[in-house]
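These notes concern the structure reproduced below.
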Amino acid sequence: MADQPALNTGSHDLPITPALAAFMADQWAATPLPADSRVPGHAYFPARRARIAAAFPGERLLVPAGQLKIRSNDCDYRFRPHSAYAHLTGLTGEEQVGHVLVIEPDGEAVLYLRPRSDRAGGSAEFYRDRRYGEFWVGRRADLAEAAQLTGLRTAHLDDLPKLFTTGAPTRVLADVDPVLDALAGRPAADHAARDGQLAAALSELRLIKDPWEVDQLQLSVDHTAAGFADVVRALPAALRHHRGERILEGAFNARARAEGNGTGYETIVASGAHACVLHWIRNDGPLDPAQLLLLDAGVETDTLYTADITRTLPLSGTFSPAQRDAYELVLAAQNAGIATLRPGASFRDFHRAAMRVIAEGLAEWGVLPVSAEEALREDSGLYRRYTLCASGHMLGLDVHDCAKARAETYLDGVLEEGMVLTVEPGLYLQPDDLTLPPALRGIGIRIEDDLVITADGARLMSAELPRTVDGIESWMGELLG
């Protein structure tokens, strides 16, 4: 597109002589993609595009992959395409920077992309452009190859501005690609509601997973379970290191990169009181064998589906009596939440069930200043001092999937077969909380599992990882020898 520089040369580039330029333009062998190359799951994507087109008949829809973001000076963050773009195209690689899927008013889908540069055509991009050149960041598909991979009609990204001269009613997935937003005249008050409706529809399109998506999520869960075992095996070395949390983070993240695209979100490795920080990602603390470790992590597959699992483990391999009591309360809450999962149940039912168990347990401990019933009232909520957040969310291409969906279809909706979600109640007993007995202060516990709604209930996708006190102690003992 016109706003993009033609050539992004780094400050450390050396000058290119005419002789070298001429030499670089000659004698390159053809390297076509295999004729049978397709994006994984390619058979499922046309129906998804047809559904979103049918939701907005006669309108043009633009769904961008997104742009690179600078991390520091001339270094960019690793690129990941926007989930809606990946969901409709199957394209998930770092080479998708700036690409845009366009669904035309007649329903035809066209992929606008920056094709592989023509080496024999005199372009120096392939060896001089540090952001897009093949020698710098790897191979891209040409127009024909992209069509072969996706089954989409393809067009050069430079032709995208022409769309805005036709006057067709247009919706944009806004706030993803600033270049596209500027080209389309976003943000603007008169576009906000229309664009928001598109964002909601794209989220709601992902609420029910097809069988291929469920398989991808199961794969991510399986790799994540292997990563949790890696963490346990790394405990002896981590306990000896002054930043043991980082050692464990590295163990899990190595598995994520070896088996998938990486982690689906920043890995949480929280020992001791760090587990009382809901999104602890500094992971810079030492490990104390007398304390617990909260590990919240997920492997993202190459197709960008992520798991989201949490286990709370005794760093000594054995729970203390106080740790066991707190853990078993959270486990009972999780079991109560899981028991509600079935088609037709309210999405909020599992949270309500889990929180009732938590409130009753806190009342039994004598921690709450009121009864469990009073604490659970909508005008009270005092139990939340010790648990604070919701007990789960949809899962898929995003760790908090379908986030733009309307409340009536998600948070205030009902469960349907094919939905995938987490159930993750927790207790976060702050180290400075004087309402707690000293033995409980500084304990953070969360148990999180991934489940798919079935015809008559729910299947625990993460069953490979033990959840009970005895199961965890036995599992850790086997891994540590």
Side-chain angles (χ1 to χ4, degrees), residues 1-10 12-46 49 63-68 76 78-81 85-86 88-102 108-162 177 179 257-258 260-262 301-304:
M1 290 165 14
D3 299 71
Q4 289 291 342
L7 201 64
N8 295 280
T9 56
H12 53 286
D13 283 356
L14 298 173
I16 301 296
T17 66
L20 178 57
F23 190 50
M24 292 295 289
D26 193 24
Q27 298 190 58
W28 297 105
T31 58
L33 294 181
D36 59 350
S37 296
R38 300 288 188 276
V39 293
H42 62 93
Y44 287 93
F45 296 102
R49 295 191 292 266
V63 181
Q67 295 288 347
L68 290 166
D76 297 310
R78 187 185 299 276
F79 181 76
R80 180 195 187 277
Y85 173 89
L88 295 175
T89 67
L91 297 167
T92 61
E94 296 175 25
E95 76 283 359
Q96 297 302 310
V97 175
H99 296 181
V100 181
L101 175 69
V102 176
E108 182 188 23
V110 185
L111 180 64
Y112 285 78
L113 69 148
R114 179 184 293 103
R116 185 185 189 196
S117 56
D118 181 4
R119 297 185 188 182
S123 171
E125 180 198 71
F126 72 97
Y127 69 95
R128 294 209 63 189
D129 193 319
R130 65 175 181 83
R131 268 192 158 179
Y132 307 113
E134 189 169 320
F135 281 18
W136 291 84
V137 296
R139 192 189 193 285
R140 299 194 305 273
D142 61 27
L143 293 177
E145 289 171 336
Q148 169 190 313
L149 285 167
T150 63
L152 293 164
R153 182 163 71 85
T154 58
H156 199 292
L157 194 59
D158 288 347
D159 293 335
L160 189 65
K162 299 175 185 176
D177 182 340
V179 177
R257 283 296 282 171
N261 187 54
T301 63
D302 290 331
T303 55
L304 305 187

How close do [X] and [Y] get, counting heavy atoms only, and between which atoms?
X	Y	value
Val39	Phe45	CG2-CE1, 4.0 Å
Ala141	Ala146	CB-N, 3.8 Å
Trp136	Asp129	CD1-O, 3.3 Å
Thr89	Thr150	O-CG2, 3.9 Å
Asp177	Val179	OD1-N, 2.9 Å
Val137	Arg131	CG2-O, 3.5 Å

Inset, instruction - Take Val97 and Gln67 through the test side-chain contact (heavy atoms from CB on, under 4.5 Å) and record every step on the way to the result. - result: CA-CA 5 Å; Val97 175; Gln67 295 288 347; 3.8 Å; yes
Rounded to the nearest 0.5 Å, how far apart are [atom1] of [X] and [atom2] of [Y]?
X	Y	atom1	atom2	value
Thr154	Gln148	OG1	CD	11.0 Å
Glu125	Arg130	CD	CZ	13.0 Å
Leu152	Leu91	CG	CG	7.5 Å
Thr92	Leu304	OG1	CG	4.5 Å
Arg114	Gln96	CZ	CD	10.5 Å
Leu113	Leu160	CG	CG	11.0 Å

Inset, instruction - Name all residues meeting the ring pair (Phe, Tyr, Trp, His ring centres under 6.0 Å) criterion together with Phe126; count only those two or more places apart in sequence or in a different chain, and write none if there are none. - result: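 For Phe126, the residues satisfying ring pair (Phe, Tyr, Trp, His ring centres under 6.0 Å) (neighbours in sequence not counted) are Trp28, Phe135.
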Inset, instruction - Kindly indicate whether the side chain of Ser37, heavy atoms from C-beta on, has any atom under 4.5 Å from the side chain of Leu149. - result: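 Yes, at least one pair of side-chain atoms sits under 4.5 Å.
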Has [X] got a side-chain atom pairing as donor or acceptor with [Y]'s backbone, closer than 3.5 angstrom?
X	Y	answer
Arg80	Asn261	no
Glu95	Glu134	no
Arg49	Leu88	yes
Arg140	Tyr132	yes
Glu145	Asp142	yes

Inset, instruction - Could you please spell out the steps behind the salt bridge (charged side-chain N to carboxylate O under 4.0 Å, His left out) verdict for Glu94 and Arg78? - result: CA-CA 7 Å; Glu94 296 175 25; Arg78 187 185 299 276; 3.2 Å; yes
Inset, instruction - Quick one: do Asp159 and Tyr112 satisfy side-chain contact (heavy atoms from CB on, under 4.5 Å)? Show the steps, please. - result: CA-CA 8 Å; Asp159 293 335; Tyr112 285 78; 4.2 Å; yes
